[in-house]
Amino acid sequence: MGRGDLSDAEWVQLEPHLPTNVGRGGRWHCHPRVINGILFRLRTGLPWRDLPPHFGKWLKVYDRHRRWSADGTWERIWRAVLAAADTAGRIDWSVVSVDSTVSRVHQHAAGARLRPARVPGRRRCPAEHRSDEAVGRSRGGLTTKIHLVSDGSQRPLSVLITPGQRGDAPQLIKVLDRIRVARPAGGRPRTRPDHVCGDKAYSSRRNRRYLRRRQIQHAIPERRDQRANRRRRGSRRGRPTAFDRARYARRNEVERCINALKGSRTVATRYDKRAYVFHGTVTLTALRLWLRP
């Protein structure tokens, strides 16, 4: 086993959720070797054509990652691993934290075709296709922003990618709605954490109203200008927002989760032209964090 390859314990968790061949032949061969090749590229950030030959043909490795990113296979495997982790009590629902990070877009990731992407072999668009390809221009040049929610154990529960210039507050509801942890014993998936922490960028009346409607406690500090506007309204200003400093101190957990994600060079710097392929890259990196003990 090479450095960064799946260990035996990780393979035991992953193997039951991988696609299987039906009938004679089939396209899914050499799962361990191909997946280790994908993980090697995620960790090192090298071009697909420069993959070491012991992983097989580079085109086969790339094509499987692209197909599984397009049809949502990586997302389904991640959800299955999350459900197993929740059954084992490994998800800390007491406090989840939300934040975002910016990934610089490499020059090789620019210049995607204008025509819409398609799922290989099908006539529909990938689930995570974006017409803007999640590439935006900010002060740092071409960037992509990753929004994520992490649990108390510093591992991601949901991810969302947008262009780099998009604000954080409008994405809070979207990234929280992506939390869906199935219950293998039956029943509705769990979608609601006990407490949400976020910085001042997520302070808005719309977000607070959404959290109150779902009966989710939150620790989001109020911005100075919002506090001044509320006081200026006089008797109609309403009550000050509640803020728990002790719980807010746990917001560093999402920062540590981001550092773990950016340990993969393909997440710290975006090399994928298509948004759905980059979303698959981030999803697979999050899946790898959940496979580790």
Side-chain angles (χ1 to χ4, degrees), residues 5-23 26-32 34-36 38-39 42 64-65 67-98 119 126-128 146-161 173-197 211 213-217 250 253-254 256-257 260-261 276 279-293:
D5 290 350
L6 289 170
S7 64
D8 293 339
E10 292 172 343
W11 179 250
V12 169
Q13 300 180 62
L14 183 63
E15 186 179 15
H17 311 299
L18 295 176
T20 57
N21 294 318
V22 179
R27 65 175 62 171
W28 311 126
H29 298 292
C30 307
H31 273 323
V34 174
I35 293 177
N36 284 331
I38 298 173
L39 294 176
L42 260 62
R64 188 166 305 185
H65 178 59
R67 286 178 180 272
W68 287 7
S69 300
D71 60 15
T73 300
W74 288 131
E75 188 80 18
R76 288 193 296 271
I77 296 174
W78 183 29
R79 298 302 176 192
V81 172
L82 279 177
D86 189 33
T87 303
R90 296 175 56 205
I91 300 181
D92 185 0
W93 292 98
S94 60
V95 176
V96 303
S97 302
V98 58
V119 177
E128 299 297 333
I146 304 173
H147 307 264
L148 73 154
V149 178
S150 73
D151 72 331
S153 58
Q154 303 103 46
R155 287 174 291 191
L157 292 174
S158 66
V159 296
L160 173 69
I161 62 171
I173 299 177
K174 296 180 181 179
V175 72
L176 286 179
D177 285 343
R178 284 174 171 253
I179 300 177
R180 296 185 63 85
V181 179
R183 305 176 192 266
R188 295 182 178 179
R190 176 158 187 177
T191 61
R192 187 177 64 180
D194 298 334
H195 205 102
V196 172
C197 288
L211 294 172
R213 186 174 67 250
R214 296 195 60 191
Q215 299 180 2
I216 301 175
Q217 299 180 2
R250 295 185 57 180
E253 295 168 351
V254 68
R256 293 151 70 182
C257 176
L261 279 176
Y276 73 90
H279 184 274
T281 298
V282 178
T283 301
L284 179 55
T285 307
L287 169 63
R288 184 64 189 275
L289 294 180
W290 280 102
L291 291 177
R292 294 173 179 171

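Quick note: numbers below take in every heavy atom, side chains included, and nothing from hydrogens, waters or symmetry partners.
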Trainee: Just do the side chain to side chain contact (heavy atoms under 4.5 Å, CB included) check on V81 and H17 with the steps written out, would you?
Mentor: CA-CA 8 Å; V81 172; H17 311 299; 4.0 Å; yes
Trainee: Between E253 and R250, is the closest basic N to carboxylate O distance under 4.0 Å?
Mentor: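 E253 and R250: salt-bridged.
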Trainee: Is a side-chain N or O of R180 found less than 3.5 angstrom from the main chain of R190, in a donor-acceptor match?
Mentor: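 No, the answer is negative, given that no donor and acceptor are paired below the 3.5 Å cut-off.
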Trainee: For R76, does the CZ atom sit with more than 12 other heavy atoms under 6.0 Å from it, leaving out its own atoms?
Mentor: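 Count over threshold, so yes.
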Trainee: For P293, what residues pass the side-chain contact (heavy atoms from CB on, under 4.5 Å) criterion, not counting sequence neighbours?
Mentor: none
Trainee: What residue among T281, L284, V282, T285 forms side-chain contact (heavy atoms from CB on, under 4.5 Å) with W74?
Mentor: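 Option passing the side-chain contact (heavy atoms from CB on, under 4.5 Å) with W74: L284.
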Trainee: Would the distance check show the side chain of Q215 and the main-chain N or O of R213 forming a donor-acceptor pair, the cut-off being under 3.5 Å?
Mentor: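 Here the side-chain-to-backbone pair does not exist.
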Trainee: Closer than 3.5 angstrom, by distance alone: can the side chain of R155 be matched with the main-chain N or O of C257 as a donor-acceptor pair?
Mentor: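 Side chain of R155 to backbone of C257: no pair is present.
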Trainee: Using side-chain hydrogen bond (donor to acceptor under 3.5 Å, both in side chains) as the criterion, point out the one residue from D194, D86, D151 that pairs with W93.
Mentor: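 Answer after filtering D194, D86, D151: D86.
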Trainee: Just checking, any donor-acceptor pair under 3.5 angstrom between side chains of R292 and S7?
Mentor: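 Per modelled atom types, R292 and S7 side chains form no pair under 3.5 Å.
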Trainee: Between the main-chain N or O of R79 and the side-chain N or O of W290, is there a donor-acceptor pair closer than 3.5 Å?
Mentor: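 No: the side chain of W290 does not pair with the backbone of R79.
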Trainee: Under the side-chain hydrogen bond (donor to acceptor under 3.5 Å, both in side chains) rule, what do R178 and T191 come out as? Steps first, then yes or no, please.
Mentor: CA-CA 8 Å; R178 284 174 171 253; T191 61; over 6 Å; no
Trainee: If we ignore hydrogens and angles and just use 3.5 Å, is the side chain of H65 paired with the main-chain N or O of V34 as donor and acceptor?
Mentor: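 No, because the side chain of H65 does not come within donor-acceptor range (under 3.5 Å) of the backbone of V34.
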